[in-house]
Amino acid sequence: MAEFLVLGAGMVGVSSALALQARGHDVVLVDQQQAGCETSYGNAGVIQAEAVEPYAIPRDFKTLSQFALGLNNDVHWRLSGLTSMLPVLWSYFNHSQKRKHKLISQTYSQLIARAIMDHQALIEASNGTNLMTKKGFSVLYRDEKGFESGVKEASYLHQEYGVSSNVFSGQEYCEQEPALLQTPTGVVHFTDSWSCSSPGDLTKAYCRLFVERGGRFSQGKASSLKELNNGWSIETEDGAMQAEQVVIALGPWSPEFLKAFGYDIPMIYKRGYHAHFVSSESLNRPFLDVSNGFVASSMKDGIRLTTGASLVKHNAPIETSQLDHASRALAELLPIEERVKEPQWFGTRPCMPDMLPVVGQYLKHKNMWFHFGHGHQGFTLDPTTSELLAELVEGHSNPLLEALTPTRF
């Protein structure tokens, strides 16, 4: 019998398995697919060192009106999605109040401060350095008012958290990024962020490292998990796997899965889409187009465009209005050619109402650990919160660990 089952082989599950393994635990990692095939595959691939404050719901009437009327491509919604998440969205709105958000950011920024370092150790050990670029992340503004606001925000982040950035006029930035067809009004370049040309492949590299170090990976459905007198059992392609303890790292599927064990975990489901485009040019670094709510990144499959948030039910059908809008805006900026033919990808960002990930356990199951809810920064934060999970398993406690406990719900 192993010591730990980890359910879910996205970046959070693989990182959890590695962190526990590094402390001498015998770990079995289980997923119904291969590692890195869901949200960990489809994101923008940025380890965001500048994202020291989590995304809050805007509380000003103008922005909320734009969201409501569909005038802002950052957020798309359907009434069925809003009504199904209304109590959780209301809690999210309350936590976005300035004073509360500031307190939350004090915790969140501690996690972000460790992210590059915690990834770096795994990137080097897994031979993933060829996938990484260390040229930062840019925020591109098409209007003067937005640019002025962005410069002010960058100054605040530097003074409050020490976040490094450079400010460029549009013409200055075009000299750095010659692929741009249109001169933006201005650009804020956050210098310390890293980017990955294939986040799915990096997740797979971490999984290979886990196996090379003696871990076991097996395909199986999380729904087959059963509680035993002395632990847990799950059916896999390699037969029944048993362990004393289990880590639930199923991302947006975690709350529904946990209902079978008596838990009611609130979550906001923010769907996002991506598409790849053939281009004769590549980007030096990813950028966010503020006016059109998308991130563009150079990936091994072409220029990847990733959209903002779509507030729809978890099982809602594919709807590409955000992606279509962003694709037209991308064509104004970059010399893209045809879209790469591939199945339409979408994934869901698992967001908690207080914007902090969930790391820890309830007393009801002392041998079950929760690790999910990283929202927009799962790719960035998973190795860091995995280290914190391993500290909890070893009996450590501190204010940072306590802030992430699931018992807060």
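In this chain, numbering begins with 1 at the start of the sequence shown.
- Pairing each heavy atom of A222 with each of L7, the nearest pair is CB-CD1, 4.2 Å.
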Pair H274-Y41, ring pair (Phe, Tyr, Trp, His ring centres under 6.0 Å): steps then yes or no: CA-CA 10 Å; H274 83 209; Y41 158 74; 5.6 Å; yes
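- Other residues, nucleotides and ligands contribute at most 12 non-hydrogen atoms within 6.0 Å of the NZ atom of K98.
- Surrounding CG of N315 are more than 12 heavy atoms belonging to other residues, nucleotides or ligands, all under 6.0 Å away.
- When only modelled atom types and interatomic distance are considered, Q120 and E124 share a side-chain donor-acceptor pair under 3.5 Å.
- Using bins of under 30°, 30° to 60° and over 60° for the plane-to-plane angle, the ring pair Y273/F346 lands in the tilted bin.
- At a cut-off of 3.5 Å, with distance as the only test, a side-chain donor of S193 or E50 sits close to an acceptor on the other residue.
- A donor-acceptor contact shorter than 3.5 Å links the side chain of Q361 to the backbone of K366.
- Aromatic ring orientation, W90 versus F93: parallel (interplanar angle below 30°, classes split at 30° and 60°).
- Between the CG atom in D143 and the OG1 atom in T185 there is a gap of 6.0 Å [rounded to 0.5 Å].
- Ion pairing of R114 with E387 is absent here, as no side-chain N (NZ or NE/NH1/NH2) approaches a carboxylate O to less than 4.0 Å.
- Applying the salt bridge (Lys or Arg N to Asp or Glu O under 4.0 Å) criterion to K102, with sequence neighbours excluded, gives E160.
- More than 12 heavy atoms of other shown residues, nucleotides or ligands fall within 6.0 angstrom of atom CG in N398.
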Check the pair L404 / T107 against side-chain contact (heavy atoms from CB on, under 4.5 Å), numbers first and verdict last. CA-CA 9 Å; L404 306 182; T107 296; 4.3 Å; yes
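- Legend: residues meeting side-chain hydrogen bond (donor to acceptor under 3.5 Å, both in side chains) with E342, ordered by chain and number and at least two apart, are H276.
- The ring of F409 has its center no closer than 6.0 angstrom to the ring center of Y263.
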Show the numbers, then the answer: is there a side-chain contact (heavy atoms from CB on, under 4.5 Å) between Q48 and H376? CA-CA 10 Å; Q48 290 187 248; H376 292 258; over 6 Å; no
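- The pair D238-R216 does not count as a salt bridge, with every side-chain nitrogen at least 4.0 angstrom from each carboxylate oxygen.
- Annotation: side-chain hydrogen bond (donor to acceptor under 3.5 Å, both in side chains) contacts of H325 (sequence neighbours excluded): N292.
- Between the side chain of K364 and the main chain of F261, a donor-acceptor pair closer than 3.5 Å is present.
- In this structure, the ring of H101 has its center no less than 6.0 angstrom from the ring center of Y108.
- Relative orientation of the F379 and H119 rings is tilted, given thresholds of 30° and 60° on the angle between their planes.
- A distance-only check finds no donor-acceptor pair linking the side chain of Q245 to the backbone of F4 [under 3.5 Å].
- Surrounding CD of E281 are more than 12 heavy atoms belonging to other residues, nucleotides or ligands, all under 6.0 Å away.
- H189 and G136 get closest at one heavy-atom pair: NE2-CA, 3.8 Å.
- Between T203 and S40, the shortest heavy-atom contact is OG1-CB, 3.7 Å.
- With hydrogens and angles disregarded, a donor-acceptor distance shorter than 3.5 Å links the side chain of S96 to the backbone of I57.
- Among all heavy-atom pairs drawn from K204 and C37, the shortest one is NZ-SG, 3.8 Å.
- Taking both residues in full, the closest heavy atoms of R142 and S291 are given as CB-OG, 3.7 Å, listed atom of the first, atom of the second, then distance.
- The aromatic rings of H314 and Y269 sit parallel, their planes meeting at an angle under 30°, below the 60° perpendicular limit.
- Taking all atoms of both residues into account, the shortest heavy-atom contact from T384 to A115 is OG1-CA, 3.4 Å.
- More than 12 heavy atoms of other shown residues, nucleotides or ligands fall within 6.0 angstrom of atom NZ in K100.
- In this structure, CG on L86 lies 9.5 Å from CG on L79, to the nearest 0.5 angstrom.
- Of the N and O atoms on the side chains of S165 and H158, not one donor lies less than 3.5 Å from an acceptor on the other residue.
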